[in-house]
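See structure below.
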Protein chains: 2
Amino acid sequence: MLKAAIENPTFTEATELLGNSFAKHEPALVIGNCRVDYEGRASSTLEWGERIVIVKADGSILVHRPTGYEPVNWQPQGCLFQVDMPSERVLRIRAFRRQPREIVNIYFDRIRLIFSSRLDDSGEFYLHVSEEQMKDALLSRPEMLEPHFKPIDYERKVEPGFVDVYGVDKDRNLVVVEIKRNPIGRDAVLQLKRYMDAIRRETGQFVRGMVVGPSLRKGAQTLLATLNLEFKQLSPKKCFEVLQARKTRKLIEFMKSER
Amino acid sequence: MLKAAIENPTFTEATELLGNSFAKHEPALVIGNCRVDYEGRASSTLEWGERIVIVKADGSILVHRPTGYEPVNWQPQGCLFQVDMPSERVLRIRAFRRQPREIVNIYFDRIRLIFSSRLDDSGEFYLHVSEEQMKDALLSRPEMLEPHFKPIDYERKVEPGFVDVYGVDKDRNLVVVEIKRNPIGRDAVLQLKRYMDAIRRETGQFVRGMVVGPSLRKGAQTLLATLNLEFKQLSPKKCFEVLQARKTRKLIEFMKSER
DNA sequence: ACATCTATATCGCCC
DNA sequence: GGGCGATGTAGATGT
């Protein structure tokens, strides 16, 4: 049984551990004194120094210096790794990538630490300004949609699904709003159209339709014009700020009431 | 004396090692089961899983999952670190940044490996462009040589070898260009002279000669003046930037078809 | 596969 | 410090 971590391993130990790691597509980590060559779209050399090298399960590799957010050398996922000893005193890690054809060679003359183990990471990652939260932000500040817009209802059930936000404009026209967190495509526009048709059938009134999101995708622009619908730019960032402001306002009110 | 690396440390050991590391602004590395919260321009949560955390000397921090080129959470350089134990079973690393105000909190419930040590890395990093690529860049943007310069051919065969670039200036004088990636020495100047002589014999016309490269070495300067030749400064970095514009390919294909 | 757009982009340069 | 541009950008999404 191989140990997961070895401090100051011999090159033979390191070669064995890394070879095994690459074969099993397990992540690995090497800290040591190394030199790095890159050749591909551009080419680079990095002279001797102590760095942290991370080899990942998906075939990506990162070389990190002791400072700086960005890796000094890297290879995105999908490349092939090799480990060998060009001489008794050197261990080489080779990361090869096709399309574009690029190679990163890392030569170690001293290894301080080597670690290799399966890492069990199935935890979900959430970026918090969801479509739901964007809706909350818009309800909290309806004037972000347009001046004098008044929301009547949200997540209103109609034939094909739920209307995100539903309200009236300054001329008392009904407005149906479809919110998207990501750039708006043709599908979102057609979804809005279906909701509008349902609301029009239900009320018998003229209905304005608006898609709200960070930006418009190529095809959506023309489709909007064709269907005579509108677009209002609203970024998750802006919504995040609105929600933050509301949270602090509520906190202040709460503190006042407790006083 | 603290060890640089500890496998399966207790939280007390880890807190001590990391506290020491942060105080001395030394890089540190933690591998373990953790949960991550981010709050700032946006906000995010990452649920439990095994990851690699790198804390750097300049106040940057990276949280890497076992796959993917990019860190799942991070903080750029210049933030403040804290380590503590909110409970006996949890170790927290806190990375705080002002402007924009952002916080990353990492909670570990198990630490597989911890490493902390000064890393000695003073090695230079060079981003290269080959002589060939410099030629491509010059063909792509001939005005970099001088205004109104028009290339006619490249790698043209003459008696002693291949002329890098061959063209005409705004007064229709022939121009022979010799490109070097490294500082230009006497040898490169003499090489250019031989090419010029060959072209002059071939065409019977007056020929201007120019060496192009990042800089001139001592002896080359005087030799250039003696032979009445010219030097144009052009760095590999500049060429690299031009090549990124990607106009090169089209021009070369055009010239190939015209040759 | 290729083009286009986003990013907690980061990083550098200039003002 | 703010604005703009480059990045071996990487990564996602639509064609």
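Just so we're on the same page: letters track the sequence lines, and every chain starts at 1. For the numbers below, each heavy atom of this structure counts, side chains included, while hydrogens, waters and symmetry mates do not.
- Both key distances under 3.5 Å define a Watson-Crick or G-U pair, and stretches of 3 or more such consecutive pairs in DNA chain D run C:1-7 with D:9-15, C:9-15 with D:1-7.
- The CZ atom of A/F240 sits 14 Å away from the P atom of C/dA7 (whole-angstrom rounding).
- A donor-acceptor pair under 3.5 Å is absent between the side-chain atoms of A/D120 and the main chain of A/S122, judged by distance alone.
- Nucleic acid contact class of A/S215 (heavy atoms, under 4.0 Å, all strands): sugar-phosphate only.
- Comparing B/Q99 and A/V72 by the nucleotide of DNA chain D whose heavy atom lies nearest to each, the residue mapping closer to the 5' end is B/Q99.
- A close approach under 4.0 Å does not occur between any side-chain nitrogen or oxygen of B/S44 and OP1 or OP2 of C/dT8.
- Taking atom C1' on both C/dT10 and C/dT6, the two are 14 Å apart, rounded to the nearest angstrom.
- Within the nucleic acid shown, A/F125 comes within 4.0 Å of at least one base atom, counting heavy atoms only.
- Annotation: salt bridge (charged side-chain N to carboxylate O under 4.0 Å, His left out) contacts involving residues 210-232 of chain A, sequence neighbours excluded, comprise A/R208-A/E230.
- Rounded to a whole Å, the CD atom of A/Q233 is 10 Å from the P atom of C/dT6.
- Sorted by first then second residue, the salt bridge (charged side-chain N to carboxylate O under 4.0 Å, His left out) pairs that include residues 69-85 of chain B, not counting sequence neighbours, are B/D84-B/R92.
- The closest donor-acceptor contact from the side chain of B/D58 to the backbone of A/G68 lies under 3.5 Å.
- One atom, CG of B/N105, and another, P of C/dT8, lie 19 Å apart when rounded to the nearest Å.
- With hydrogens and angles disregarded, no donor-acceptor distance shorter than 3.5 Å links the side chain of B/R51 to the backbone of A/D121.
- The distance from atom CD of A/Q221 to atom P of C/dC5 is 11 Å, rounded to the nearest whole Å.
- Nucleotide D/dG1 holds its C1' atom 18 Å from the CZ atom of B/R101, rounded to whole Å.
- In this structure, the CG atom of B/D58 is 13 Å from the C1' atom of C/dT10, given to the nearest Å.
- Each of A/K218 and A/R181 lies near DNA chain C, and the nucleotide nearest A/K218 is the one positioned closer to the 5' end.
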Write down the protein N/O and nucleotide N/O pairs, taken from nucleotides 13-15 of chain C, whose separation is under 3.5 Å; answer none if there are no such pairs.
none

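- Residue B/D164 forms a side chain to side chain contact (heavy atoms under 4.5 Å, CB included) with just one option from B/L138, B/V212, B/I179, and that option is B/I179.
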What string of B, S and - do you get for nucleotides 10-15 of chain D, 5' to 3', if B is base contact, S is sugar-phosphate-only contact and - is no contact with any protein heavy atom under 4.0 Å? SS-SSS
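- Side-chain polar atoms of A/N105 and A/D37 form no donor-acceptor pair below 3.5 angstrom.
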For the pair B/E50 and B/R110, evaluate side-chain contact (heavy atoms from CB on, under 4.5 Å) and give the outcome as yes or no after the intermediate values. CA-CA 9 Å; B/E50 291 182 310; B/R110 189 190 159 203; 4.1 Å; yes
Side-chain donor-acceptor contacts of residues 73-80 of chain B below 3.5 Å, not counting sequence neighbours, with atom names and distances?
residue : atom : partner : partner atom : Å
B/N73   : ND2  : B/S44   : OG           : 3.3
B/Q75   : NE2  : B/A95   : O            : 3.1
B/Q75   : NE2  : B/E102  : O            : 3.2

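- In terms of modelled atom types and a separation under 3.5 Å, the side chain of A/R181 and the main chain of A/M134 share no donor-acceptor contact.
- Side-chain atoms of A/Q75 and base atoms of D/dG8 include a donor and an acceptor less than 3.5 Å apart.
- A donor-acceptor pair is defined here as one N or O able to donate and one able to accept, closer than 3.5 Å; such a pair exists between the side chain of A/K56 and the backbone of B/R65.
- Contact annotation: the side chain of A/V55 never approaches that of A/L18 to less than 4.5 Å [non-hydrogen atoms, C-beta and beyond].
- The separation between B/L127 atom CG and C/dG12 atom P is 13 Å, rounded to whole Å.
- C/dT6 atom C1' lies 15 Å from atom CD1 of A/I184, rounded to whole Å.
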